[in-house]
Amino acid sequence: MRRTHRCGSLRAAQVGETVCVMGWVHSRRDHGGVIFLDIRDRTGLVQVVGDPQRGGAAAHQAAEGVRAEYVVAAVGEVVHRGEGLGNPRIATGEIEIVAREITVLNTALHPPFEIDQEEINLEQRMRYRYIDLRRPVMQANLELRHKAAMAARQYLSSQDFLEIETPLLLKATPEGARDFLVPCRLVPGTYYVLPQSPQLMKQTLMAAGCDRYFQLARCLRDEDLRADRQPEHTQIDLEMSFVEQDDVLTTVEGLMQAVFAVAGIAVAAPFPRLSYGEAMERYGSDKPDTRFGMELIDLSATVASVEFRVFADALASGGQVKGLCVPAKGQLSRKDLDDLIAFSKQFGAKGMAWIAVDAEGLRSSILKFIPEDVQRALVAKMGAQPGDMLLFVADRPKVVADVLGRLRLRLGHQLGLVDKSRHNFLWVIDFPLFEKNAESGAIEPMHHPFSMPRAADIPLLESDPLAVTAQLYDLVVNGAELCSGSIRCHIPDLQLKILEVIGIDRAEALERFGFLLEVFSYGAPPHGGVGLGFDRIVAILSGQEASEVDIREVIAFPKTSTGRDLMLGCPSVIDPQQLKEVGILKTVDPAAE
RNA sequence: GGAGCCGUAGUUCAGUCGGUUAGAACGCUGGCCUGUCAAGCCAGAGGUCGCGGGUUCGAGUCCCGUCGGCUCCGCCA
C-alpha cells in the first residue's frame, strides 16, 4: 500500500480514481450506519467515508475503531459528494473518498489539547510542540518561513551573492551581548563561544575576496528574553565589497520585495529615508511607525517666556518642551490621563502635562500658569481642534523624545489611528557615530565603533567627534526594526583613531580587536552589509502586527522566557563525569540553590 | 537584577464576603443513530484547586515562601 495523493490535493478531477491517502484522524463522526473521518496531512483535510454498502464492512468497522490523531491509511474511490452535501469551507469539500480499506499505521494517546482548538495554553503548546505544530496555522507558518528563506536565497544568488557557512565555535570578544560558552575538552580550561552573529567572519570573507556573501545564520545571545527575542534567532546576514551605502540599501530593498512577495505583499521601492535626527525630532524614535501622523511638535520657543516652573526649568537646563496633539475626540478620561502620566514616569519623565481642547475652550490645571496669548499660540502651533488632547513633556531631549515617542505609539494604537493593512518601510540613516553618556559624560559609540564615518566628517573625529555621522542604517517597517547595518571601517589607522575617541588606546585596541585590525592590514576592500532579523520578518509576513511581534509562532522549537525547552526539558544538569571531561570542576547545584 | 499578571477536570474557563458534596462548555468512555463536516440524542467517568507552610472552628478563596508560564523595566544589534 503506497500513498497516491496528499489529502488536501484531491479535487473533482480525481473522481473515479482509486486513491490511497495517509494522515492523522482529525475528526470522526459516527452515524452508526456510516462513519465520516476527516484525514489530515500537511496539505489539508479530506473526508473519508466508512460505508458498509458502498465500501464494504471491513472499512466501516475499521473506521469505528480509530480515534483522534491515529495515523491511518485509507484506500478507496474518490466520488462526488451528493447534491448539497459539499463543504465549501475546505478545499477538498466537493469530493470524498469511499473507503474500501482503512489501516491503522499507528495509534495515538488522547492528545493533550485539541488540534482545532482556538486558545491553547502556551505551556501546553511548548510541552507538546510536535502536536502543536500539526495545527494548520503552525504548518502554514513553517511553510511561509521556508518560502521566505527560499525567496531570500534565490534573490541574493541572482545578485551574485555566495552562501557561505561560518563557524559556530568562535573566540570570545568583549563586545556586545553575553556569550554562550562551550568548553573545549582538548585544551582543558579554555572555551569557545557561540556566535552572536557572524559579523567578524563575514568581514573576514570580504578581506578574503569573496565579494558578496550571505548566510541564513543562527545567532545566539545569552541575554534575557522577550516575545520578540529568543536565545537563538536567525539572521539573513549579508556583506558586500566595493560598495557604498546606497548599493546596500538598494540590494536590501530588492530582497524585501522578493521576500514579501511570498506573502503576496507588494512593496514599493525605493523606501523613504529619514535621518536619525529627523526621526527623533518628529517621532521620538529611531524606528518610527509612519502609518499614522500625530508627530512630536517642538514648543520650546512658544513657551520660552512662560513662568510655569516645569517648562522653565527644563528650558533653562538645556532641555526642551515638546507636545503631541492627540485627536482623542474627547475620549480620554481623567483616568486615562493618569495612566498616561504613570506611563510617562515609567520611562523617565518627571511628569506629563495636558490641556483638553473643548468646544467651549481649553481645560487644564496648568492654564493658570500660561498667559492667554501663549495658550492661543500653542493651539495654533499644534493645529488643535475641539476634541483634541494636548500632551506636553519637558525634559532633556532624549527623555522628551523617548516618552513622547512611546506615548505617540501607545495612543496611536489605543485610538485606532494605525492603518494595519499598510507595510511602511523606511530607512533610518545618518546615525551619529558617537553619543555622550548622560551620567558619566563619556563619549560612547551609539551603535558600535566599527562603522565608517561619512568621508567629509573624518576631520571632525579630533575636533568635534559628537558631530561625526556614521554610514549606519536601520531598516524599519511599521515601527519594528528589521535590520541594522553599516559601511564598515576597513582602514586600520582610521579604526584606531575612532577607538581612541572612545578611550581605547592603541595597545588596548590591539589586544581587544587585534584580529580585525590584522585582517584589514593585509588589504581589505571597502565593504558593508546588514543583518536582517529573519524571525521578525516571517512573523510580520504571517500577518502579525509589528508592534506586538511574537517570533515563537514562526520558530519550530522555541524556548520559554527563561530560556527553557519544555519539550526536551533543557537546560539540564550534566553528569559530573562529563563535566570533568571538559575541564569544568565545580558547578552550581540548581536543586541546592 | 527589579516590577506586575496568571496557575481549578484532558482542554478552555467560572467559582460571590472564607462556609454544606468544587461547577459549565468542549473533549473523553459506553449506547443509539446512513449524510455529517463545531454531527445529533441518552448515559457515564473524570479534581492532591501547581507545590510547601501559616492564619482560622473552617482555605480553591486570606498571608508567607517556592516552582512554572507570560508581560514589562534593566539587559540585548
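Throughout, a chain's letter reflects where its sequence line sits, starting with A, and its residues are numbered from 1.
Proximity note for A:F36 (side chain, C-beta onward) versus B:rU29, B:rC73, B:rU36: the nearest is B:rU36. When distances are taken from the side chain of A:E123 to each of B:rG68, B:rU71, B:rU36, the shortest belongs to B:rG68.
A salt bridge links A:E69 with A:R134: the distance from a Lys NZ or Arg NE/NH1/NH2 to an Asp or Glu carboxylate oxygen falls below 4.0 Å.
Evaluation of atom-type donor-acceptor distances gives a pair under 3.5 Å for the side chain of A:R229 against the base of B:rC76. Side-chain atoms of A:D224 come within donor-acceptor range of the base of B:rG74, with a qualifying N/O pair under 3.5 Å. For A:H447 and B:rA77, a side-chain-to-base donor-acceptor distance below 3.5 Å is present, hydrogens and geometry of angles not being considered. Residue-to-nucleotide contacts include no donor-acceptor pair under 3.5 Å from the side chain of A:R28 to the base of B:rC37. Between the base of B:rU36 and the side chain of A:R81 there is a donor-acceptor pair shorter than 3.5 Å.
Taking 4.0 angstrom as the limit, A:S197 places none of its side-chain polar atoms (N or O) nearer than this to OP1 or OP2 of B:rA77. Under 4.0 angstrom from either OP1 or OP2 of B:rU12 there lies at least one side-chain N or O belonging to A:N121. Residue A:R89 has a polar side-chain atom (N or O) positioned under 4.0 Å from OP1 or OP2 of B:rA38. Using a 4.0 Å cut-off, some side-chain N or O of A:Q124 falls inside it from OP1 or OP2 of B:rU11. OP1 or OP2 of B:rU29 lies within a sub-4.0 Å distance of a side-chain N or O belonging to A:R67. Residue A:T560 has a polar side-chain atom (N or O) positioned under 4.0 Å from OP1 or OP2 of B:rG69. Contact annotation: A:Q196 side-chain N/O to B:rA77 OP1/OP2 distance is under 4.0 Å. Between A:R552 and B:rC70 there is a side-chain N or O to OP1 or OP2 distance below 4.0 Å.
Residue contacts for A:G86: at a heavy-atom cut-off of 4.0 Å it reaches a base atom on one of the strands shown. A:Q199 comes within 4.0 angstrom of nothing in the nucleic acid, heavy atoms only. Within 4.0 Å of A:E548, counting heavy atoms only, lies no atom of the nucleic acid at all. Heavy atoms of A:A68 sit nowhere under 4.0 angstrom from any nucleic acid atom. Across all strands shown, A:R406 has heavy atoms under 4.0 Å from sugar-phosphate atoms exclusively, and none from any base.
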- Task: Report the C-alpha separation of A:Q47 and A:R29 in whole Å, then their side-chain angles, then the decisive distance to 0.1 Å, and conclude whether the side-chain hydrogen bond (donor to acceptor under 3.5 Å, both in side chains) test is met.
- Result: CA-CA 10 Å; A:Q47 176 163 286; A:R29 295 176 295 279; 2.9 Å; yes

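Side-chain atoms of A:Y192 and A:L181, non-hydrogen and from C-beta on, never get closer than 4.5 Å to each other.
Nearest heavy-atom pair across A:M22 and A:C7 is O-SG, 3.9 Å.
One P atom belongs to B:rG65, the other to B:rU20, and the distance between them is 29 Å to the nearest Å. Rounded to whole Å, the P atom of B:rG50 lies 13 Å from the corresponding atom of B:rC6. B:rG47 and B:rA14: their C1' atoms are spaced 15 Å apart (whole Å). Distance check on atom P: B:rC42 versus B:rA24 gives 15 Å, rounded to whole Å. Nucleotides B:rG18 and B:rU61 have their C1' atoms positioned 6 Å apart, rounded to a whole Å.
Near RNA chain B, defined here as any heavy-atom distance below 4.0 Å, there are no residues from residues 526-534 of chain A. RNA chain B is contacted by A:E481 of residues 476-489 of chain A, taking any non-hydrogen atom closer than 4.0 Å.
Between A:R564 and A:F347, the residue whose closest nucleotide on RNA chain B is further toward the 5' end is A:R564.
If you measure from atom NZ of A:K287 to atom C1' of B:rA77, you get 11 Å, rounded to the nearest angstrom. Atom OH of A:Y70 and atom P of B:rC28 are 12 Å apart (whole Å).
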